[in-house]
Q: 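Next up is a structure, given as structure tokens.
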Amino acid sequence: MVYKSYEYDSFRIFTIQTDQFKNAHIEVVFQGDASTSKLTEKSFLSEIMCFSSKKYPTRKDFVIRMEELYNAYLYGVTSKVGNSLLTNFVFDFLDPYYVDEASYLEDCLTFLFDTIMHPNMEQNGFDYKSFQIIKSRFRS
């Protein structure tokens, strides 16, 4: 395995090269101060952001796009580590080495960052239908 770290002004990228797996795994991690009230808010936020996006406004559209990317999968995880609250957006997809499409990696990265940067919002809030679905998940 080959480990590399890339330092930028506002973020760091770590890579691990291995020949053991046919999948690629990306995590985008946001860190903030931990408090009990924020844990639920951040968990809800990561769930609703991984449910749909501005470009793929329904869950069906969102899932179809992930299937077009060879069954890629995006999910959010929120955890408390010490005094920090970490919100991870985790994206798993097929290793581009096994795909004949030249734009596959770019398509995967575009999907991931479009989802994070352009959530499914209406006016001043999230899409009402998506909001209600995620809210019902949290109640059960």
Side-chain angles (χ1 to χ4, degrees):
M1 283 195 235
V2 179
Y3 297 89
K4 290 184 182 176
S5 176
Y6 304 91
E7 299 285 333
Y8 295 94
D9 291 338
S10 60
F11 60 92
R12 285 177 282 181
I13 297 176
F14 300 97
T15 62
I16 304 170
Q17 181 181 353
T18 179
D19 296 328
Q20 294 178 324
F21 306 104
K22 294 182 180 176
N23 289 332
H25 178 87
I26 296 176
E27 290 190 36
V28 178
V29 182
F30 295 94
Q31 180 180 357
D33 294 331
S35 72
T36 312
S37 64
K38 286 189 178 186
L39 181 61
T40 305
E41 292 170 11
K42 298 282 184 173
S43 295
F44 190 91
L45 182 63
S46 67
E47 282 285 323
I48 199 165
M49 288 179 70
C50 292
F51 188 77
S52 63
S53 68
K54 188 59 108 182
K55 190 171 183 179
Y56 306 102
T58 66
R59 183 64 183 167
K60 181 180 178 181
D61 295 336
F62 198 76
V63 170
I64 287 172
R65 182 60 185 150
M66 287 192 290
E67 288 174 358
E68 291 171 349
L69 294 172
Y70 297 94
N71 207 23
Y73 190 66
L74 175 65
Y75 59 97
V77 177
T78 302
S79 55
K80 184 176 184 256
V81 179
N83 291 330
S84 296
L85 197 58
L86 303 177
T87 302
N88 299 22
F89 291 93
V90 183
F91 189 57
D92 294 316
F93 58 99
L94 184 63
D95 187 334
Y97 175 81
Y98 299 101
V99 179
D100 290 334
E101 300 168 28
S103 66
Y104 177 69
L105 179 59
E106 183 178 334
D107 292 344
C108 286
L109 294 174
T110 299
F111 176 78
L112 170 63
F113 288 104
D114 275 351
T115 300
I116 294 171
M117 301 303 292
H118 305 288
N120 190 11
M121 304 282 287
E122 311 178 323
Q123 298 172 354
N124 295 328
F126 285 99
D127 170 59
Y128 181 77
K129 186 175 180 182
S130 301
F131 184 87
Q132 293 301 322
I133 291 169
I134 301 301
K135 186 170 101 173
S136 69
R137 283 185 188 173
F138 270 71
R139 286 191 174 165
S140 52

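In this chain, residues are counted from 1 in sequence order.
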Q: So which atom in Cys50 and which in Tyr75 form the shortest heavy-atom distance, rounded to 0.1 Å?
A: SG-C, 3.6 Å

Q: Taking side chain as C-beta onward, heavy atoms only, is Asn23 less than 4.5 Å from Asp92?
A: no

Q: Closest approach of Thr115 and Ser53, non-hydrogen atoms and distance?
A: CA-CB, 4.1 Å

Q: With the side chain counted from C-beta on, respond yes when Ile64 and Tyr56 share a heavy-atom pair under 4.5 Å apart, and no when they do not.
A: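 Heavy-atom side-chain distance check fails, nothing below 4.5 Å.
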
Q: Are Val28 and Phe113 side-chain neighbours, meaning at least one heavy-atom pair lies under 4.5 Å?
A: yes

Q: Using side-chain heavy atoms (C-beta onward) and a distance below 4.5 Å, is Lys22 in contact with Tyr97?
A: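 Answer no - side chains too far apart.
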
Q: If every non-hydrogen atom of Tyr104 is compared with every non-hydrogen atom of Leu69, which pair is closest and at what distance?
A: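 Taking Tyr104 first and Leu69 second, the nearest heavy atoms are OH-O, 3.0 Å.
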
Q: Report yes or no: do Ser103 and Asp107 form a side-chain donor-acceptor pair below 3.5 Å?
A: yes

Q: According to ring-ring contact (aromatic ring centres under 6.0 Å, His included), who are the partners of Tyr8, at least two apart in sequence or on a separate chain?
A: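 ring-ring contact (aromatic ring centres under 6.0 Å, His included) check on Tyr8 returns Phe11.
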
Q: Do you know which two heavy atoms are closest between Ser84 and Gln31, and how far apart they sit?
A: OG-NE2, 3.0 Å

Q: Over all heavy atoms of both residues, which pair between Lys54 and Met121 is shortest? Give the atoms and the distance, please.
A: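 Closest approach of Lys54 to Met121: NZ-O, 2.6 Å.
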
Q: Just checking Phe138: does its CZ atom have more than 12 heavy atoms from other residues, nucleotides or ligands closer to it than 6.0 angstrom?
A: yes

Q: Among residues two or more places apart or on two chains, list those pairs meeting salt bridge (charged side-chain N to carboxylate O under 4.0 Å, His left out) that have a residue in residues 63-80.
A: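 For residues 63-80: Arg65-Glu68.
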
Q: Return the minimal non-hydrogen interatomic distance between Ser52 and Asn120, and the atom names on each side.
A: OG-ND2, 3.2 Å

Q: Measure the shortest side-chain to side-chain distance between Phe131 and Ile48 over non-hydrogen atoms and say whether it is less than 4.5 angstrom.
A: yes

Q: Kindly indicate whether the side chain of Leu39, heavy atoms from C-beta on, has any atom under 4.5 Å from the side chain of Leu85.
A: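 Touching, per the 4.5 Å side-chain cut-off.
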
Q: Do the side chains of Leu45 and Thr78 get nearer than 4.5 Å, heavy atoms only?
A: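 No - every pair of side-chain heavy atoms lies 4.5 Å or more apart.
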
Q: Kindly check if the number of other-residue, nucleotide or ligand heavy atoms within 6.0 Å of OH (Tyr98) is above 12?
A: yes

Q: For Gln132, does the CD atom have more than 12 heavy-atom neighbours from other residues, nucleotides or ligands under 6.0 Å away?
A: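 Yes, enclosed.
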
Q: Sorted by first residue and then second, give each salt bridge (charged side-chain N to carboxylate O under 4.0 Å, His left out) pair with at least one member in residues 23-48; sequence neighbours left out.
A: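 Those involving residues 23-48 are Glu47-Arg137.
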
Q: Evaluate the ring planes of Phe111 and Phe91, with Trp represented by its six-membered ring, and classify them as parallel (under 30°), tilted (30 to 60°) or perpendicular (over 60°).
A: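 Rings of Phe111 and Phe91: tilted, as their planes differ by 30° to 60°.
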
Q: Should Phe93 and Leu105 count as side-chain neighbours, where that means a heavy-atom distance under 4.5 Å?
A: yes

